Amino acid sequence: MTLTLPGFDHVRLPGADGVELAAAVGGRGTPVVLLHGFPQTRLMWRHVAERLAAEHTVICPDLRGYGASDKPEATGPDVYAKRTMAADVVALAAALGHERFALVGHDRGALVAFRAGLDHPETITHLGILDIVPTLDMWNVLRGAPAAVGYHLFLMAQPPGLPETMIAGSADAFFGSFLDAWADDPAAMPEDVRAAYLRASAGAVTSIVADFRASAGIDVVHDQADLDAGSQLAMPVTVVQQDWGAQLGYDAAGVWKAWAPGLDHRLTRAGHFMAEEAPEEITAAIRDLLAR
């Protein structure tokens with residue numbers, strides 16, 4: 001059985017370069033787009049989306065390469081660049097009649113949201129980021145033994161072939177390990193939801209690896225160019241994350257302030273899957289962001 005967001009319409013809409021994205025759309029009011037993380041789909045927003053739909057049009061797509069969205073072959077580095085994935089989101093919102101919208105992303109979706117904020121400042125009115133630092137900073141802070149927490153980033157950064165073969169050979173064990181290790185409250189992810197994530201991920205190994213591989217290549221190039229140019233996020237920005245700074249030995253708020261002068265930085269006691277573990281807290285943070 002395919003799980004859905006109750007009360008939402010489920011549609012397919014054009015992204016960039018002929019790619020189609022699957023999305024859930026519901027509610028009425030000013031638009032908010034919610035982007036999922038790894039190894040998940042739009043289903044991760046089920047609690048937050050329902051709450052926000054009381055006062056907003058809420059749009060929850062599957063990223064290209066994930067869930068029910070198209071999974072184009074990675075014929076070049078740009079196919080899964082966050083710049084391309086951000087263009088998907090802008091095109092999808094435009095197809096629904098929204099030329100300006102608020103954008104919130106978690107994990108991989110947060111990397112896409114960050115890039116959208118830099119590339120499309122005239123389009124993104126508010127930016128919410130859950131549990132990441134930008135790609136360039138991520139590689140800079142992953143040093144020494146504590147960096148083992150991000151081993152998958154290094155694995156999927158390898159040239160095409162071996163990572164895909166290794167992961168496909170034990171997909172449920174690989175993807176399931178992150179669902180187990182990163183959740184502080186396993187009950188927040190019921191078995192049917194967990195099974196849906198595992199099915200979707202097992203069916204998208206090649207495109208998921210291509211997404212991560214881009215973050216070790218073209219995404220770094222794009223971030224570095226913006227850093228060199230002094231580019232910043234001009235819109236109100238809220239970042240909610242675990243205390244990764246304390247765990248990995250860096251100033252997380254300081255990293256974000258370099259990119260976002262209008263920063264509201266918050267730490268949470270929830271686990272990585274905070275939209276499912278602490279939906280009231282995340283909904284409140286998004287509402288506060290939208291009120292700025």
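Note: hydrogens, waters and symmetry copies are ignored here, and every other heavy atom, side chains too, is used. By convention here, the first residue in the shown sequence is residue 1. Small disclaimer: the values here were computed from a predicted structure and weren't measured.
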request  = Inspect the surroundings of CZ in Arg269 and state if more than 12 heavy atoms from other residues, nucleotides or ligands are less than 6.0 Å away.
outcome  = no
note = With sequence neighbours left out, the residues meeting side-chain hydrogen bond (donor to acceptor under 3.5 Å, both in side chains) with Arg12 are Glu20, Asp70
Min side-chain heavy-atom separation His56-Leu290 under 4.5 Å = yes
Side-chain touch Trp139/Leu153, heavy atoms, less than 4.5 angstrom = yes
request  = Indicate the atoms forming the closest heavy-atom contact of Val240 with Ala285, along with that distance.
outcome  = CG2-CB, 4.0 Å
request  = For the pair Asp137 and Tyr250, evaluate side-chain hydrogen bond (donor to acceptor under 3.5 Å, both in side chains) and give the outcome as yes or no after the intermediate values.
outcome  = CA-CA 10 Å; Asp137 300 289; Tyr250 69 97; over 6 Å; no
Val112 and Val89, any side-chain heavy atoms less than 4.5 Å apart = yes
inquiry  = What verdict does the side-chain hydrogen bond (donor to acceptor under 3.5 Å, both in side chains) test give for Asp226 and Ser231, after you've listed the backbone C-alpha separation in whole Å, the side-chain angles of each residue and the deciding distance to 0.1 Å?
reply    = CA-CA 5 Å; Asp226 276 308; Ser231 302; 3.0 Å; yes
message = Looking only at the aromatic ring of each residue, does the gap between the centers of Tyr197 and Phe175 stay below 6.0 angstrom?
response = no
message = Under a 3.5 Å threshold, yes or no: a donor from one side chain and an acceptor from the other, between Ser215 and Arg108?
response = yes
note = Paired with Phe212, the ring pair (Phe, Tyr, Trp, His ring centres under 6.0 Å) test is passed by just one of Tyr66, Tyr80, Tyr151, Phe38, namely Phe38
task = Applying side-chain contact (heavy atoms from CB on, under 4.5 Å), run through Asp119 and Val90 and close with a yes or a no.
result = CA-CA 10 Å; Asp119 286 358; Val90 171; over 6 Å; no
request  = Locate the shortest heavy-atom distance separating Ala110 from Gly105; write the atom from each residue and the value.
outcome  = CB-O, 3.2 Å
inquiry  = For a quick test of reading the model, state the closest non-hydrogen atom pair linking Pro279 to Arg51 and the distance between them.
reply    = CB-NH1, 4.0 Å
query = Is the number of heavy atoms from other residues, nucleotides or ligands within 6.0 Å of CZ (Arg28) greater than 12?
reply = no
request  = Report the distance from atom CZ of Arg42 to atom CG of Leu21, rounding to the nearest 0.5 Å.
outcome  = 10.0 Å
ask   = Is a side-chain N or O of Asp88 found less than 3.5 angstrom from the main chain of Leu63, in a donor-acceptor match?
value = no
key: Arg64 side chain vs Ala16 backbone, donor-acceptor pair below 3.5 Å   = yes
task = With sequence neighbours excluded, tell me which residues meet salt bridge (charged side-chain N to carboxylate O under 4.0 Å, His left out) with Asp17.
result = none
Closest approach of Gly67 to Ala200 (non-hydrogen atoms, all atoms of both residues) = CA-CB, 4.3 Å
task = State the CG-CH2 distance between Asp131 and Trp244, to the nearest 0.5 angstrom.
result = 6.5 Å
Worked check of side-chain contact (heavy atoms from CB on, under 4.5 Å) between Arg83 and Asp78 = CA-CA 8 Å; Arg83 174 160 286 161; Asp78 291 326; over 6 Å; no
task = Name all pairs fulfilling the ring pair (Phe, Tyr, Trp, His ring centres under 6.0 Å) condition that reach into residues 108-133, sequence neighbours left out, sorted by first residue then second.
result = Phe114-Trp256, Phe114-Trp259
query = Within a strict 4.5 Å, meaning less than it, do heavy atoms of the Asp180 and Pro186 side chains meet?
reply = no
query = Got a sec: does the CE of Met235 have more than 12 other heavy atoms crowding it under 6.0 Å?
reply = yes
Donor-acceptor under 3.5 Å (Glu277 side chain, Asp184 main chain) = yes
key: Atom pair CD1 (Ile124) and CZ (Arg100), whose distance is rounded to the nearest 0.5 Å   = 9.0 Å
ask   = Does the side chain of Cys60 reach to within under 4.5 Å of the side chain of Leu5, using non-hydrogen atoms?
value = yes
request  = Could you check Arg292 against Thr238 for side-chain hydrogen bond (donor to acceptor under 3.5 Å, both in side chains), going step by step and ending with a plain yes or no?
outcome  = CA-CA 10 Å; Arg292 291 166 61 192; Thr238 293; 3.1 Å; yes
inquiry  = Before you tell me yes or no, could you show the steps for Leu103 and Leu35 under side-chain contact (heavy atoms from CB on, under 4.5 Å), namely the whole-Å CA-CA distance, both residues' side-chain angles and the distance that decides it to 0.1 Å?
reply    = CA-CA 8 Å; Leu103 181 60; Leu35 303 180; 3.7 Å; yes
key: Aromatic centroids of Trp182 and His152 separated by under 6.0 Å   = yes
query = How far does CD of Gln224 sit from CG of Asp219, to the nearest 0.5 angstrom?
reply = 13.0 Å
task = For residues Pro61 and Leu34, report the shortest heavy-atom separation together with the two atoms involved.
result = CD-O, 3.3 Å
ask   = Do Ile132 and Gln241 touch side chain to side chain, with heavy atoms closer than 4.5 Å?
value = no
ask   = Are Val239 and Val141 in one and the same hydrophobic cluster, where Ile, Leu, Val, Met, Phe, Trp and Tyr link if side-chain heavy atoms are under 4.5 Å apart?
value = yes
ask   = Are Leu263 and Leu267 connected in the hydrophobic side-chain network, where two residues link if heavy atoms are under 4.5 Å apart?
value = no
message = I need the minimum non-hydrogen distance between Ala188 and Arg46, along with the two atoms involved.
response = O-NH2, 3.2 Å
query = Quick one: do Glu281 and Arg266 make a salt bridge, cutoff under 4.0 Å?
reply = no
query = Would you find more than 12 non-hydrogen atoms of other residues, nucleotides or ligands less than 6.0 Å from Glu122 atom CD?
reply = yes
ask   = Any side-chain heavy atom of Ile218 within less than 4.5 Å of one from Lys82?
value = no
task = To the nearest 0.5 angstrom, please state how far the CG atom of Leu52 sits from the OG1 atom of Thr57.
result = 11.0 Å
request  = Check whether Leu130 and Leu289 end up in the same hydrophobic cluster, where Ile, Leu, Val, Met, Phe, Trp and Tyr are linked by side-chain heavy atoms less than 4.5 Å apart.
outcome  = no
request  = Could you tell me whether a side-chain N or O of Ser201 sits under 3.5 Å from a main-chain N or O of Leu198, the two making a donor and an acceptor?
outcome  = no
query = Linking I/L/V/M/F/W/Y whenever their side-chain heavy atoms sit closer than 4.5 Å, directly or via other members, would Met85 and Val221 fall into one cluster?
reply = no
query = Is the closest side-chain heavy-atom distance between Met189 and Met44 below 4.5 Å?
reply = no
message = I'd like to know if Leu179 and Leu3 are part of one continuous hydrophobic network [Ile/Leu/Val/Met/Phe/Trp/Tyr, side-chain heavy atoms within less than 4.5 Å].
response = yes
message = Within this structure, what is the CD-CD1 distance for the pair Glu276 and Ile282, rounded to the nearest 0.5 Å?
response = 11.0 Å
task = Mind running side-chain contact (heavy atoms from CB on, under 4.5 Å) on Val33 and His98 for me, showing each step along the way?
result = CA-CA 10 Å; Val33 178; His98 304 299; over 6 Å; no
task = Using atom types as modelled and distance alone, determine if a side-chain donor or acceptor of Arg115 lies under 3.5 Å from a backbone N or O of Leu111.
result = no
task = Among Val104, Thr283, Val58, find the one that has a side-chain contact (heavy atoms from CB on, under 4.5 Å) with Val48.
result = Thr283
request  = May I ask you to check whether over 12 heavy atoms, not counting those of Glu50, lie within 6.0 Å of atom CD?
outcome  = no
